[in-house]
Amino acid sequence: ITIRQATIRDIQAMQNANLQNLPENYLLKYYMYHILSWPQASFVATTYDYSEDVDDDEEDDEANGEVEQGAEDENKKPKVHDRIIEEVQDPKGDPAYIAKGEKIIGYVLGKMEDDPEAADKTPHGHITSLSVMRTYRRMGLAEKLMRQSLYSMTESFKAEYVSLNVRKSNRAALHLYRDSLNFEVTSIEKSYYQDGEDAYAMKLLLKLDE
Ligand code: ACO
């Protein structure tokens with residue numbers, strides 16, 4: 001499993017993950033807006049899906065006498081779940097980066113506050129959406145994705161704090177924000193969600209390195 005900065009090529013998969021995991025959904029152009037405006041604020045967790053046939057060029061390979069190659073490649077495949085790769089990779093726009101079979105199992109979509117009407121003018125970030133696919137939960141991925149985004153917001157945009165909203169009933173996310181990441185509840189926003197549920201508005205002060 002790898003955690004890396006999200007790119008424009010990831011937005012479709014991020015939207016798909018969001019549709020599966022949350023009732024708050026967004027148009028593709030809203031993902032694009034995030035990635036283009038604040039490329040350092042959004043991250044994805046990816047793994048390789050070898051359940052699907054990764055080599056769909058087998059027939060070509062056979063024609064080229066490359067049948068043996070497949071057997072060798074089999075041994076090189078990393079085992080999913082074997083380990084979490086700690087490093088964060090920067091794809092730097094390499095078009096080959098999304099290798100065949102790579103799939104997105106979690107994402108954090110972050111932005112800087114850019115509303116000119118916003119009351120608070122101090123630069124601050126906002127977490128628009130976070131989710132991890134069901135089978136990959138409780139492995140620490142959401143916490144890692146959040147920490148990367150928060151760190152990057154301070155480094156790249158001098159964010160002094162970060163805000164987010166979460167459903168009052170969302171126990172798992174509340175635990176993550178409050179207990180693991182030290183966010184504080186700043187207010188309750190009545191009927192924030194379309195179905196009428198209230199939201200906690202939460203905030204975390206970020207430490208700026210001088
Ligand atoms: N119950 C209680 N606490 C939990 C749970 C849970 N089911 N899941 C995570 N936590 C808390 C714990 O404090 C945990 O630390 P611990 O394992 O040391 O006890 C901490 O969060 C970190 O857990 P992770 O493994 O990093 O979290 P995970 O990768 O499982 O993802 C998430 C958590 C994102 C909330 C996931 O459950 C999910 O995708 N849920 C559906 C979508 C969602 O609710 N997203 C957040 C909406 S709010 C927003 O987008 C701004």
Side-chain angles (χ1 to χ4, degrees), residues 1-6 10-11 13-28 30-31 33-35 37-38 40-47 80-88 103-115 118 124-153 157 159 161-206:
I1 294 173
T2 302
I3 290 181
R4 61 164 172 80
Q5 212 173 285
D10 297 319
I11 59 175
M14 290 166 81
Q15 187 189 43
N16 291 343
N18 167 268
L19 284 165
Q20 279 197 43
N21 291 328
L22 281 166
E24 287 71 49
N25 311 127
Y26 314 95
L27 296 173
L28 209 52
Y30 196 51
Y31 291 84
Y33 176 58
H34 279 73
I35 307 292
S37 310
W38 308 279
Q40 299 89 341
S42 297
F43 287 81
V44 287
T46 68
T47 187
V80 175
H81 287 312
D82 259 2
R83 66 203 174 102
I84 292 182
I85 300 168
E86 299 282 342
E87 73 193 279
V88 175
K103 68 169 181 178
I104 282 175
I105 54 174
Y107 69 85
V108 59
L109 187 68
K111 68 194 285 288
M112 291 298 291
E113 180 59 68
D114 61 342
D115 179 1
H124 64 278
H126 183 76
I127 299 298
T128 302
S129 186
L130 164 77
S131 76
V132 171
M133 302 307 281
R134 203 170 283 278
T135 44
Y136 295 92
R137 289 183 191 164
R138 294 316 288 263
M139 292 169 63
L141 287 176
E143 187 177 338
K144 281 207 173 67
L145 286 163
M146 284 292 295
R147 287 192 191 282
Q148 285 301 335
S149 176
L150 304 183
Y151 177 76
S152 205
M153 280 175 182
F157 307 113
Y161 67 90
V162 62
S163 65
L164 58 79
N165 294 94
V166 58
R167 283 177 184 268
K168 272 176 111 175
S169 65
N170 193 343
R171 267 189 53 238
L174 257 172
H175 271 275
L176 166 69
Y177 300 138
R178 197 185 46 206
D179 305 331
S180 304
L181 294 166
N182 287 323
F183 274 78
E184 282 177 7
V185 175
T186 51
S187 62
I188 292 171
E189 302 199 10
K190 286 273 166 217
S191 302
Y192 179 84
Y193 295 99
Q194 262 184 353
D195 59 8
E197 187 170 343
D198 298 346
Y200 286 123
M202 303 188 87
K203 179 173 172 175
L204 176 72
L205 290 177
L206 300 170

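Just so we're clear, the structure is a prediction, and the values are computed from it rather than from any experiment. Indexing begins at 1, ligand by ligand and atom by atom, following the structure's order.
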Check your understanding: Which atoms from ligand 1 have a heavy atom of N170 less than 4.0 Å away?
Key -> 43 (C), 44 (O), 46 (C), 47 (C)
Exercise for review: Can you sort out which atoms of ligand 1 are near N21, meaning under 4.0 Å from one of its heavy atoms?
Suggested key: 41 (C), 42 (C)
Review point. Has ligand 1 got any nitrogen or oxygen that is less than 3.5 angstrom from a nitrogen or oxygen of N165?
Key: no
Revision key, fill the gap. All heavy atoms of G106 vs all of L145, minimum pair found to be C-CD1, 3.9 Å
Point to revise | Polar proximity ligand 1 side, I127 side, N/O cut 3.5 Å exclusive | key: no
Check your understanding: Would a 4.0 Å cut-off, counted as strictly less than, catch a protein heavy atom around atom 18 (O) of ligand 1?
Key -> no
Check your understanding: Going by distance only, is there an N or O of M139 that falls short of 3.5 Å from an N or O of ligand 1?
Key -> yes
Revision key, fill the gap. All heavy atoms of L204 vs all of N182, minimum pair found to be CD1-O, 3.3 Å
Point to revise | 4.5 Å side-chain heavy-atom contact, M139 and I1 | key: yes
Check your understanding: So is E143 polar-close to ligand 1, meaning N/O to N/O under 3.5 Å?
Key -> yes
Review point. Looking only at distance, does R138 have an N or O less than 3.5 Å from an N or O of ligand 1?
Key: yes
Practice item. Mind checking whether Y177 contacts ligand 1 via backbone (N, CA, C, O), side chain (CB onward), both or neither, at a 4.0 Å heavy-atom cut-off? Key: side chain
Study note, to complete from the structure: In terms of heavy-atom contacts, K111 and T128 come closest through CD-OG1, 3.5 Å
Check your understanding: For ligand 1, which atoms have a heavy atom of R137 less than 4.0 angstrom away?
Key -> 30 (O), 36 (C), 37 (O), 38 (C), 39 (O), 40 (N), 41 (C)
Check your understanding: Hey, what do you get for OH (Y177) to CD (E143), rounding to the nearest 0.5 Å?
Key -> 12.0 Å
Point to revise | Pick from A17, S129, A142: the one approaching atom 32 (C) of ligand 1 most closely through a non-hydrogen atom | key: A142
Check your understanding: Between G140, G110, P23, A173, which one has a non-hydrogen atom sitting closest to atom 35 (C) of ligand 1?
Key -> A173
**Study point:** Which of the ligand 1 atoms, numbered from 1, are nearer than 4.0 Å to a heavy atom of L176
**Key:** 11 (C), 20 (C), 21 (O), 22 (C)
Point to revise | Location of contacts on S131 toward ligand 1, heavy atoms closer than 4.0 Å | key: both
Study note, to complete from the structure: With sequence neighbours left out, the residues meeting ring-ring contact (aromatic ring centres under 6.0 Å, His included) with Y192 are none
Check your understanding: Taking both backbone and side-chain atoms of L130, is any N or O found less than 3.5 Å from an N or O belonging to ligand 1?
Key -> yes
Review point. Quick one: ring-ring contact (aromatic ring centres under 6.0 Å, His included) partners of Y31, sequence neighbours excluded?
Key: none
